[in-house]
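Since the structure comes first, as structure tokens, the remarks are kept for the end.
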Amino acid sequence: MAYDHSDIEKKAQQMWASLDLYRASEDPQKKKKYILDMFPYPSGEGLHVGHPKGYIATDIYSRHMRMKGYSVLHPMGWDAFGLPAENFALKNKTHPRKAVEQNITNFKAQLAHLGFDYDWSREINTTDPSYYHWTQWIFLKMLEHGLAFQSNEPINWCPSCMTGLANEDLDGAVCERCGTPVVKKNLPQWVLKITDYADRMLADLDLLEWPEHIKEAQRNWIGRSEGAEITFAIAGSDASVTVFTTRPDTIFGATYLVLAPEHVLIRNTELGIKNSEEVQHYVAATATKTEIERGAEGKEKTGVKLEGVSAINPATKEEIPIYVADYVLGGYGTGAIMAVPAHDERDYEFAKKFDLSIRTVVEAVTGKPQENPEFRKSIVALVVDKKNNKILTLDWGTELGGKLFIGGGREEGEDAAKAAAREIAEETGYTDLKLVDQTAIIHHSYFAYSKNVAREIEAIGFLFELNGDARQEQQLEHDEHGKFTVSWMPLAQAGQEVTETLHRTVFERLVLGHPHTGSGVLVDSGEFTGKNSEETKQAVVAAVGGKLVTRYKLRDWVFSRQRYWGEPIPVIHCPNDGVVPVPYEDLPVLLPEVESYEPTGTGESPLAAIDEWVNTKCPKCGGAAKRETNTMPQWAGSSWYYLRFMDPHDSDQLVSLKKEKYWAPVDVYVGGDHAVRHLIYARFWHKFLYDISVVSTLEPFKRLEFLGFILAEDGRKMSKRFGNVINPDDVVAEYGADAFRIYEMFMGPFENTTAWSTASIAGTARFVDRLWQIQDRVAPESVPALETLLHETIRKVTSDIETFKFNTAVSQMMIFLNAVEKEGTIGKEQWSMYLRVLAPFAPHVTEELWERMGEMSSIHLASWPAYDEALLVSSEKEVTVQVNGKRRGAVTLAVDASQETAVTEALKLPAVVAALGGKEQKRVVFVPGKILNLVV
RNA sequence: GCCAAGGUGAUGGAAUGGUAGACAUACAGGGCUUAAAACCCUGGGAAGGCCUAAAAACUUUCGUGUGGGUUCGAGUCCCACCCUUGGUACCA
């Protein structure tokens with residue numbers, strides 16, 4: 001009788017619902033597990049097969065934990081505010097609330113087909129007033145604690161979505177929603193001071209069991225950098241410029257200053273900027289440029305010198321020019337830098353373009369330090385043929401260093417450039433050359449194998465151009481020694497093939513034009529000359545009267561949206577009292593029901609047009625006042641929803657302390673994407689709530705499992721646009737929910753992105769069907785031949801579920817079923833244990849088989865089977881016999897067999913004897929139970 | 001450019017430093033069938049050798065992106081490079 005999934009699934013799902021099987025409760029007798037999916041935005045397109053992957057994983061994990069006796073919280077809800085919902089509603093000419101309701105109904109129906117164990121009594125929806133009441137409450141608390149403030153700084157404005165956006169909402173320089181380039185726009189904005197928490201968010205990453213790449217992404221986003229602020233006086237003025245730098249050690253090489261276009265000094269009229277018109281013109285031009293336009297210019301530097309104004313380098317006391325340039329960002333550091341063109345890529349480009357002086361103050365140190373090195377002076381010479389874009393290389397062969405440029409020693413007192421020319425002539429014969437450039441000294445340590453000596457050299461690199469082809473063949477050194485061959489190599493190829501550190505470094509400096517940006521030995525730096533640059537930073541800062549500071553890339557969170565579909569920001573603007581928070585007892589501030597909610601595009605929210613809503617009374621003075629009309633971004637509701645699941649119906653508080661104590665933190669959080677934004681915002685809010693004693697844990701999500709996506713069969717993203725979307729409803733109808741669930745877990749490692757394969761799902765459907773057939777072969781007595789494998793299977797599935805290695809868990813269960821089929825029978829107790837480990841993966845079919853075994857209660861209430869350790873330790877094991885590391889056979893030995901026994905047994909194998917060939921045994925490696933390696 | 005993860009059959013993928021390719025898909029051959037589907041059985045990294053009418057069996061060498069290294073033994077550890085994917089980008 002073939003397995004008919006549709007009836008059995010329906011029956012099981014109805015049974016679970018009627019038993020209320022998955023209701024979570026704070027049972028003090030039990031340990032808890034809080035398992036959470038990133039709750040979805042209920043889109044109009046419905047689910048595709050990629051969505052449930054994470055839900056299946058949490059379903060398996062939570063069913064497993066429930067069977068192990070934990071009190072499990074596994075809830076689901078809807079993140080339904082925000083731009084996508086509003087844009088969807090606009091496009092379909094409906095109200096967002098209606099669209100959301102409809103989409104949720106649709107999503108729930110789709111999820112229901114898959115047999116998930118959510119506790120739907122805790123369902124939440126961020127657009128529900130009883131929910132956003134508390135989103136607004138958190139905002140007011142932040143306002144109270146000075147973490148929410150109004151700002152008029154220029155923000156990212158999306159002209160298509162007609163709203164301001166946070167940095168995190170940008171995809172490069174375009175709006176991540178619609179792909180429109182954003183522009184800078186000045187608008188009064190609510191901003192949250194997330195930067196106050198930067199340090200704690202960075203430090204507490206260490207407390208988390210998260211994938212390393214997510215932690216790293218967060219570290220990069222926070223972007224902590226330690227440096228110094230140093231003040232440069234303006235010559236002949238009281239004014240000054242404070243710069244931020246991470247390289248105070250290079251200050252002796254600071255040959256000019258650069259201000260961001262937004263810098264206040266540029267607007268200082270008393271300074272006497274002679275070309276102020278030109279400067280203001282430049283500032284205005286950069287402000288109107290979109291990020292895209294700036295990007296299109298690449299990294300081509302632009303800027304204008306402030307004529308008639310100069311600064312004084314506090315280290316050298318020299319007067320240096322000041323520029324305004326948009327490669328310096330207004331929002332980072334102090335909006336001003338000291339430019340050290342010799343040791344910074346960007347400053348170098350700028351200095352080259354504007355012909356500014358470049359002063360080397362750090363000499364590079366390369367190679368591996370050697371013991372007792374011999375000191376020498378030397379040169380590296382590059383000879384370039386500009387006509388053919390080729391460079392002269394010497395191939396020494398692999399033993400002697402491979403492909404190099406021209407190198408050699410220089411005598412004490414010998415002019416370095418002359419030494420270079422001499423070496424070129426001696427080694428290649430070329431003499432008609434023009435010297436174009438040279439490097440600073442490079443301190444290089446290496447071991448010269450050809451001469452068997454450790455060396456530390458002071459090398460100078462030279463770049464020559466070839467004038468004529470004339471060669472003095474008779475002088476060539478290689479004629480005598482034949483050690484190397486001379487050839488002209490295309491520049492790009494040389495950049496790949498010449499890998500020796502010193503020669504490569506010279507190539508990078510002189511051909512590629514990269515300045516030395518690393519640490520090294522200070523030169524031309526007054527009292528610090530000769531010291532290590534890295535170790536001198538603090539002393540330099542002290543000497544020039546600067547201070548050490550820490551800066552972050554993370555910006556404060558622009559929190560206002562000029563759109564309808566979001567939580568109203570609960571403040572009132574009063575002509576007398578200014579910004580007045582809505583009293584807590586007046587929450588929630590309801591989003592008014594309106595006919596028209598199109599964005600205005602003027603920077604005003606559509607709410608501003610609703611007079612009867614906007615006009616209100618000031619809670620303080622009782623006079624006429626207006627409501628704030630901006631709404632919150634989509635990320636607001638999702639920044640704390642995991643707390644509400646613990647206590648979803650509490651009308652007095654966000655979450656009760658008692659329930660929070662029981663459930664927090666989230667033990668396992670599962671989702672993809674959102675590596676930065678959602679997780680950083682939620683961590684920020686959580687830490688704030690910790691500070692005001694609403695929550696008791698430092699971090700919201702203890703463990704995070706990152707989810708790999710499912711691509712369409714054609715390897716592209718699943719999208720309506722490509723017409724390659726696969727609806728889980730169709731798959732379930734054809735193959736059944738259990739086969740679908742098992743397939744998604746079997747596809748590969750959970751964190752891998754994999755393409756869907758409808759052909760492969762037939763395999764897991766076959767597995768379920770074969771399982772179904774086996775029920776007729778169950779015997780009363782246990783089958784001894786299956787015993788060890790069964791316990792191995794229980795052990796592997798148990799640990800694989802806990803570590804999210806579902807693919808190998810499925811594989812192991814298939815191996816077991818294959819063995820059962822081979823035996824033709826299985827014992828009743830064995831069948832019971834096997835069904836129970838399979839139950840989290842295939843909840844429906846196992847439920848039915850469980851009932852048919854005569855069990856009265858649900859399999860999902862049964863206890864998780866324990867495995868017998870003793871059965872897993874077999875007394876005999878097959879040991880591979882190797883000769884010189886190559887497999888020559890195998891012997892079966894007792895686990896505690898001695899090496900002598902092993903060797904004796906191995907020598908009985910003809911293949912082993914043949915491989916030994918009568919040679920003397922030098923060594924025997926014996927790993928009991930695994931391997932015997934005879935070395936001759 | 002920088003940061004992170006990864007590169008294994010036709011495909012998805014297994015493999016505490018110890019028999020590479022588990023498990024599954026696709027494929028090929030066979031069985032069942034009037035036929036097909038379903039189902040069941042068998043096979044398979046590559047090149048060669050031996051024996052043959054042919055095959056099986058047997059056997060040798062090579063084989064986990066490339067080149068080196070450590071080790072009795074490397075897919076796994078170390079070094080350099082190449083490529084793919086994700087994140088990020090004038091952050092001083």
Side-chain angles (χ1 to χ4, degrees), chain A residues 2 172-173 211-221 223-225 227 243-247 250 258 260 294-295 297-301 325-329 331-340 343-347 349-350 398 496-497 499 514 517 551-555 672-673 675-676 706 708-709 742-743 746-749 751-764 766-767 769-770 773 805 807-815 817-818 821 878-890 911 914 922-927 929-936:
Chain A
E212 197 46 46
H213 73 275
I214 309 251
K215 288 196 197 181
E216 199 56 29
Q218 297 236 328
R219 283 189 199 108
N220 291 340
W221 195 266
R224 180 189 162 101
S225 76
V243 303
F244 174 69
T245 178
T246 55
R247 294 297 303 275
T250 62
V258 188
R294 280 168 81 157
E297 292 162 6
K299 293 190 177 176
E300 183 68 24
K301 301 285 182 289
D326 65 1
Y327 83 91
V328 172
L329 307 176
Y332 183 73
T334 60
I337 62 153
M338 63 176 206
V340 185
H343 304 294
D344 182 276
E345 196 88 40
R346 297 145 301 176
D347 298 344
E349 276 175 44
F350 191 81
T398 36
Q496 296 259 316
E497 293 195 7
T499 52
H514 296 311
T517 55
R551 289 283 176 180
Y552 302 91
K553 257 196 286 189
L554 182 72
R555 307 298 168 79
D673 219 349
V676 170
F706 195 75
F709 301 103
I742 294 171
Y743 171 64
F746 187 54
M747 286 176 87
E751 68 279 7
N752 274 23
T753 294
T754 323
W756 178 263
S757 158
T758 299
S760 297
I761 198 174
T764 53
R766 236 170 263 162
F767 170 72
D769 201 52
R770 279 160 46 207
Q773 306 302 331
K805 289 181 185 163
N807 57 329
T808 49
V810 171
S811 158
Q812 183 67 34
M813 290 188 288
M814 287 175 168
I815 290 171
L817 187 66
N818 291 348
E821 284 180 331
E878 192 177 61
V879 173
T880 299
V881 181
Q882 296 181 334
V883 176
N884 282 345
K886 291 224 165 86
R887 181 174 197 266
R888 299 295 169 183
K922 276 195 209 142
R923 190 167 164 185
V924 177
V925 179
F926 180 58
V927 183
K930 287 217 168 124
I931 204 144
L932 174 71
N933 191 4
L934 304 171
V935 186
V936 296

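Order of the sequence lines sets the chain letters (A, B, ...), proteins ahead of strands, with each chain counted from 1.
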Considering every strand and a 4.0 Å limit on heavy-atom distances, what is the contact class for A:Glu216: base, sugar-phosphate, or nothing? sugar-phosphate

For the student: nearest non-hydrogen atoms of A:Ala260 and A:Leu329, plus distance: CB-C, 3.7 Å

Taking only side-chain N and O atoms of A:Tyr327, does any of them lie within less than 4.0 angstrom of OP1 or OP2 on B:A92? no

Can you tell me whether the side chain of A:Glu345 and the base of B:G1 have a donor-acceptor pair closer than 3.5 Å? no

Between B:A15 and B:G75 - C1' atom distance, rounded Å: 9 Å

Note: for A:Pro749 and A:Ile214 on RNA chain B, the residue whose nearest nucleotide lies more 5' is A:Ile214

Under 4.0 Å, heavy atoms only, any strand: does A:Arg766 hit a base, just the sugar-phosphate, or nothing? sugar-phosphate

Can you check the A:Met814 CE to B:U25 P distance for me, whole Å? 7 Å

Whole-Å C1' distance, B:G29 and B:U19: 28 Å

Within the structure provided, determine whether A:Glu821 and A:Asn818 are in side-chain contact (heavy-atom separation under 4.5 Å). yes

Applying the 3.5 Å cut-off to both distances, the Watson-Crick or G-U partner of B:A80 turns out to be B:U66

NZ of A:Lys215: more than 12 outside heavy atoms within 6.0 angstrom? yes

Paired with B:A53 by Watson-Crick or G-U wobble geometry, both distances under 3.5 Å: which nucleotide is it? none

Atom CG of A:Leu934 to atom C1' of B:G18: distance rounded to whole Å? 14 Å

Once you apply a heavy-atom cut-off of 4.0 Å, does A:Thr808 come out as touching a base, just sugar-phosphate, or nothing? sugar-phosphate

Just to be sure I understand the rule, does A:Gly763 reach a base, reach only the sugar-phosphate, or reach nothing, if contact means heavy atoms closer than 4.0 Å? sugar-phosphate

State which of B:A92, B:G18, B:U88 makes the closest approach to the side chain of A:Asn933. B:G18

Strand partner of B:U33, provided both Watson-Crick or wobble distances fall under 3.5 Å: none

Just checking A:Asn807: base, sugar-phosphate only, or nothing, at a heavy-atom cut-off of under 4.0 Å? sugar-phosphate

Considering only heavy side-chain atoms of A:Val925, the closest of B:C72, B:A24, B:U25 is B:C72

Rounding to an integer number of Å, can you tell me how far A:Glu751 CD sits from B:G6 C1'? 11 Å

Whole angstroms only, please: what is the CD1-C1' distance between A:Ile761 and B:U25? 12 Å

Main-chain N/O of A:Ser757 paired with A:Tyr743 side-chain donor or acceptor, under 3.5 Å: yes

Rounding to an integer number of angstrom, what distance separates B:G9 and B:A4 when you compare their C1' atoms? 29 Å

Rounded to whole angstrom, note down the C1' distance from B:U61 over to B:A55. 23 Å

Counting Watson-Crick and G-U wobble pairs only, both distances under 3.5 Å, name the nucleotide matched with B:G1, or none. B:U88

When we call it a touch if two heavy atoms are under 4.0 Å apart, what does A:Ser225 touch: a base, just sugar-phosphate, or nothing? sugar-phosphate

So what does A:Ile337 hit on the nucleic acid, given a heavy-atom distance under 4.0 Å: a base, only sugar-phosphate, or nothing? base

Opposite nucleotide pairing with B:U61, Watson-Crick or G-U, both atom distances under 3.5 Å: B:A46

Starting the side chain at C-beta, find the nucleotide from B:G13, B:C40, B:A92 nearest to A:Leu329. B:A92

Could you check whether A:Arg224 gets within reach of a base, just the sugar-phosphate, or nothing at all, counting any heavy atom under 4.0 Å? nothing

Is NZ or CZ of A:Lys301 both nearer than 6.0 Å to the six-membered ring centre of A:Phe350 and within 45° of the ring axis? no

Identify whether any heavy atom of A:Ser811 sits under 4.0 Å from a base atom; if not, whether one sits that close to sugar-phosphate; answer base, sugar-phosphate or nothing. base

Rounded to the nearest Å, what distance is computed from the CD1 atom of residue A:Ile742 to the P atom of nucleotide B:C23? 17 Å

Any strand counts, and the cut-off is 3.5 Å on both contacts for Watson-Crick or G-U wobble. Which nucleotide pairs with B:G12? B:C23

Does B:G18 have a Watson-Crick or wobble partner in any strand here, with both distances under 3.5 angstrom, and which is it? B:C72

If you find the nucleotide of RNA chain B closest to A:Lys553 and the one closest to A:Ala762, which residue's nucleotide is nearer the 5' end? A:Ala762

Under 3.5 Å for both donor-acceptor distances, Watson-Crick or wobble: does B:A38 have a partner, and if so which one? none

Return the minimal non-hydrogen interatomic distance between A:Thr334 and A:Arg551, and the atom names on each side. CG2-NH2, 4.1 Å

Rounding to a whole Å, what distance do you find between A:Glu349:CD and B:A92:P? 16 Å

Expressed as a whole number of Å, how far does the C1' atom of B:A26 sit from that of B:G73? 35 Å

Interatomic distance, A:Phe767 CZ vs B:A24 P [rounded to whole Å]: 9 Å

Considering only the C1' atoms, how many Å lie between B:G7 and B:G12, rounded to the nearest integer? 15 Å

Interatomic distance at P, B:C77 relative to B:A89, whole Å: 31 Å

Measuring from the side chain of A:Thr245 (C-beta onward, heavy atoms only), which nucleotide among B:A92, B:C3, B:G12 has the closest atom? B:A92

For B:C78 versus B:G21, give the span between their P atoms, rounded off to a whole number of Å. 25 Å

Non-hydrogen side-chain atoms of A:Met338 and A:Asp347 separated by less than 4.5 Å: no

Check the chi torsion on B:G67 and let me know: syn if it falls within 90° of 0, anti if not. anti

B:C2 C1' sits how many Å from A:His514 NE2, rounded? 13 Å

